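Everything below concerns the one structure shown next.
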2 protein chains.
Amino acid sequence: MVREPLGEEAAAELSRMFKALSDPIRLRLLSLIASHEGGEACVCDLIGPFDVSQPTISHHLKVLREAGLVGSERRGTWVYYWVLPEALAKLSALLQTPAVAAKATG
Amino acid sequence: MVREPLGEEAAAELSRMFKALSDPIRLRLLSLIASHEGGEACVCDLIGPFDVSQPTISHHLKVLREAGLVGSERRGTWVYYWVLPEALAKLSALLQTPAVAAKATG
DNA sequence: CGCCTGTATCGACAGACATCGAAACAAGAT
DNA sequence: ATCTTGTTTCGATGTCTGTCGATACAGGCG
């Protein structure tokens, strides 16, 4: 990011992912999923901690899924969600560079 | 993030920073500033690359500033902006953990 | 002082988003 | 088949956001 200006396309794709992280409920959902035993959680585990309705949680999960941050699968009665580490790593790397490079560049 | 669920307050603060990154123009602005010679750029350097009006750029810079991602200062005629590396490092660390931990946890 | 350039703020508007209740869909149990 | 529980989709609504033009503010220069 610090080496050369972001292109329009790259910026558009990345902004979609950051937008998915721009809601406190979605951040907490992601954290809940990531920190859940086995690295995955069913929707029923994710409703309790929040004060919003269940359809709203489902909506937020859909946003995370469409942003490519989580995967999901139905197993019998329940639907399970898990974090896609590559996606987060991509964002992390993008943000990490400037801090390091800024010190190097001075 | 993967160790324990994000608290409400932490999620709220982080989501504000991610929200600032959730717009393609703001991402490109940040990248332009970070990659600019000397690590800082004046607004006049930042208007040309975009198809939006100057007030819109000014608005986006304000969003980045209020999110704590960039600093700014007026020097004579021009206003200069620079990236605040600690803020980006904070977000980067948050996103980096799950990827690493996911592999460790299996 | 008045003028010009660079930047920020204001007011307005269209489009996007978070949220809800209701309803649809999926799958197991009776 | 019918019921029940878990989850998603739909439609509506109020709020937020990106954008613009117009305008205000700041500072250098005649």
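Chain letters run A, B, ... following the sequence lines, proteins first, then strands; residues in each count from 1. For clarity, every value in this text was computed on a predicted model and none was experimentally measured. These numbers come from the heavy atoms of this one structure, side chains and all, not from hydrogens, waters or symmetry mates.
Within the 4.0 Å cut-off from OP1 or OP2 of C:dC20, not a single side-chain nitrogen or oxygen of A:His59 is found. Contact annotation: B:Ser53 side-chain N/O to D:dC20 OP1/OP2 distance is under 4.0 Å. Between B:Arg26 and D:dG18 there is a side-chain polar atom (N or O) within less than 4.0 angstrom of OP1 or OP2. Applying the 4.0 Å criterion to OP1 and OP2 of D:dT8, one finds that A:Ser58 has a side-chain N or O inside that range. For C:dC17, the OP1/OP2 oxygens have a side-chain nitrogen or oxygen of A:Lys19 closer than 4.0 Å. A close approach under 4.0 Å does not occur between any side-chain nitrogen or oxygen of B:Thr56 and OP1 or OP2 of D:dG18.
In the model, B:Ser15 has no side-chain atom that pairs as donor or acceptor with a side-chain atom of A:Ser22 under 3.5 Å.
Here C:dT9 is the nucleotide among C:dT7, C:dT9, D:dT7 with the atom lying nearest to any side-chain atom of B:Lys62. Here the nucleotide nearest the side chain of B:Cys44, chosen from C:dT19, C:dT7, D:dC20, is C:dT7. Among C:dT7, D:dG6, C:dA18, the nucleotide with an atom closest to any side-chain atom of A:His60 is C:dA18. The listed nucleotides are C:dT19, D:dT19, C:dA8; the one nearest the side chain of A:Ile25 is C:dT19. With D:dT19, C:dG6, D:dT7 as the candidates, the nucleotide lying closest to the side chain of A:Trp78 is D:dT7.
Contact check on A:Glu40 versus A:Arg75 returns a salt bridge, with a Lys/Arg side-chain nitrogen under 4.0 Å from an Asp/Glu carboxylate oxygen.
B:Tyr81 comes within 4.0 angstrom of sugar-phosphate atoms only, judged by non-hydrogen atoms across all strands, and of no base. Looking at heavy-atom distances under 4.0 Å, B:Ile57 makes no contact with the nucleic acid at all.
Taking atom CZ on A:Phe50 and atom P on C:dA18, their separation rounds to 14 Å, with Å as the unit. Regarding B:Tyr80, its OH atom lies at a distance of 11 Å from the C1' atom of C:dG6, rounded to whole Å. As rounded to whole Å, 22 Å separates atom P of C:dA16 from atom CZ of A:Phe18. In this entry the distance linking CZ of B:Arg75 with P of C:dT7 reads 12 Å, nearest Å. Rounded to an integer number of Å, the gap from A:Gln54 CD to C:dA24 C1' is 13 Å. Distance CG (B:Asp51) to C1' (D:dT19): 13 Å, rounded to an integer number of Å. Computed from coordinates, the B:Leu64 CG to D:dG18 P distance equals 10 Å when rounded to whole Å. Taking atom CZ of residue B:Arg74 and atom P of nucleotide C:dT7, one finds them 8 Å apart after rounding to whole Å.
Both A:Asp23 and A:Thr77 lie near DNA chain C, and the one whose nearest nucleotide falls closer to the 5' end is A:Asp23. Each of A:Ser22 and A:Pro55 has a nearest nucleotide on DNA chain C; the 5'-most of these lies closest to A:Ser22.
B:Ser35 OG to A:Arg3 CZ: the interatomic distance, rounded to the nearest 0.5 Å, is 11.0 Å.
Checked against B:Leu69 for a side-chain contact (heavy atoms from CB on, under 4.5 Å), the options B:Leu84, B:Leu88, B:Ile33, B:Val83 give a single hit: B:Leu88.
Counting non-hydrogen atoms of other residues, nucleotides and ligands closer than 6.0 Å to CD of A:Glu73 gives a total above 12.
In this structure, B:Arg74 forms no cation-pi arrangement with B:Tyr80, as its terminal cationic atom is not both closer than 6.0 Å to the ring centre and no more than 45° off the ring axis.
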